[in-house]
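Okay, structure first, notes after.
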Amino acid sequence: MYQAPRGTSDILPEEQAYWRFVEQKVTSICQLYGYERLDSPVFEDTGLFARSVGPGTDVVEKEMYTFTDKGGNQLTLRPEGTAPVCRAYLEHGMPNLPRPVKLYYYFIPVFRYERPQAGRYRQHYQFGFEAIGEDDPALDAEVIDMAWQFFLSLGLHHLSLQLNSIGCRQCRPIYLNALKNHYASHATELCTDCKVRLERNPLRLLDCKKSSCQAVADSAPRSTDYLCSECRVHFSRLKEYLKLLKIPFTLNHRLVRGLDYYTRTVFEIQPRDAGAQSTLGGGGRYDDLIEELGGKPTPAIGLAAGIERMVLNLKKQAVAVPPFPRPQVFIAHLGNEAKDEAIKLASRLRQASTSIIMATGQRSLKAQLRQANTSAIRHAVIIGEQEVKSGTVVLRDMTNARQKTVNPAALPGLLG
RNA sequence: GUGAGUGUAGCCCAGUGGUCUAAGGCGCCAGGUUGUGGCCCUGGAGAUCGAGGGUUCAAAUCCCUCCACUCACCCCA
């Protein structure tokens, strides 16, 4: 027997109500904030991701699904959503559009070769949005506001917004240097992982969870103390705007994010009783990315959020989502002539926009009604030999067991 | 890639060497009502006990290998 590949899963009918619910909230928030949808291909040139996400990151180094196609092209199933949007932005001349250009994507499959665990998969789905071409901290605030309002609109409670600024290409190197010096002077206290991080990706040192490293992290220099004057002003304006908007945020000096393209503002939204894979959504500025991909210097900011984690939290917090709509009518029949009539009736009603499940096979009326019942269908239409003779049908209301003989032409008007 | 736990019907699970030709519940199918669901009663179908190998007179049960799932590390959504 075949199984779905490791780390992938089927989204079964009983799950769909959650996914539909999220989709509806995504579309409405994006419409509310003036974002337009962009769908990009599932795979891209490997170089696009290697370059933007960063050659030293785990995502690029060991998690990409990369393959060579028959034409010899190096391609990669997308491990994230921002780089493709930036590629499309450049490819289709969007720098000429009024700024900022606001784009969103929804339900894109994202692939990373990782060991699966709660809330983490090899193929998962993301929603995200990007605002490209503006460095005003008011835009940062709007993006964070949009993310915050979105998660609230899902009905999730006890969320926390973590915020930090990691500086720009002027001030970040100075900070990284200070950070490295600090850690180097505590090198003997560090775990083996952190010794590697010190060389490869010093920002990641900050979120090591080992207690010995936590102590070093607690006394480590903070990126916000090393911001250049522009970045400092930018960050403090952002905080003012967030206060203006009454969005509660927690400054988190350890929040760094794992992709190299982030600059200045970084943020994450997490449920407060967080498990291991807690982040619902995260994002930040990537002011150098468009330039890195061959465009003119163009500041930008965005967010990505994982749909599975939303669904996980909707269930955990017992949020009631609208049920998937059931067909209105079940058509039961007895005998061959009645079946012919039933087939014709089903077709006519569907053309009149009435949703129908018609019994197939030759089962007893009891079995047919049992199916209508378990399928949670409100009305049953029954056609037997008597009805065929008189040109009528029996309409039964399954919620109260009342039924009457009616003319089939009158059916559409009789269905609640 | 590392560590821990778990794999018995569609689902939940009992069974820890012979009485297992594997129990129960949910669900499914059928009958009890020769044309009427939900409750109840009765019956039925459905399991090569994750896979392969080994120990033993005898393995769902013990051992080994592999696979999968779960959780955690790592990293992120």
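A quick note: this is a predicted structure, and the numbers were derived from the prediction, not measured. Residue numbers start from 1 in every chain, and the chains themselves are labelled A, B, ... in the order their sequence lines are given, proteins ahead of strands.
- The nucleotide whose nearest atom lies closest to any side-chain atom of A:R363 is, among B:A77, B:A30, B:G38, B:A30.
- Applying the 3.5 Å distance criterion, the base of B:C67 shares no donor-acceptor pair with the side chain of A:Q3.
- A donor-acceptor pair under 3.5 Å is formed between the side chain of A:Q368 and the backbone N or O of A:R363.
- Residue A:K366 places a side-chain atom within donor-acceptor reach of the base of B:G32, judged by atom type and a 3.5 Å distance cut-off alone.
- Taking atom C1' on both B:A14 and B:G7, the two are 16 Å apart, rounded to the nearest angstrom.
- Here the options are A:K239, A:H234, A:R264, A:R237, the test is side-chain hydrogen bond (donor to acceptor under 3.5 Å, both in side chains), and the partner is A:D140; only A:H234 passes.
- A donor-acceptor contact under 3.5 Å is formed by the side chain of A:R396 with the base of B:G37.
- Comment: A:E114 engages A:R120 in a salt bridge, judged by a side-chain N to carboxylate O separation of less than 4.0 angstrom.
- Annotation: B:C62 and B:G44 have their P atoms spaced 32 Å apart (nearest Å).
- Separation of the P atoms belonging to B:G35 and B:C41 is 26 Å when rounded to the nearest angstrom.
- With a 4.5 Å cut-off on side-chain heavy atoms, A:K102 and A:E130 do not count as touching.
- For B:C74, its base sits under 3.5 Å from the side chain of A:R120 at one donor and acceptor pair at least.
- A donor-acceptor contact under 3.5 Å is not formed by the side chain of A:E385 with the base of B:G35.
- Nucleotides B:C66 and B:G3, compared at atom P, are 12 Å apart to the nearest Å.
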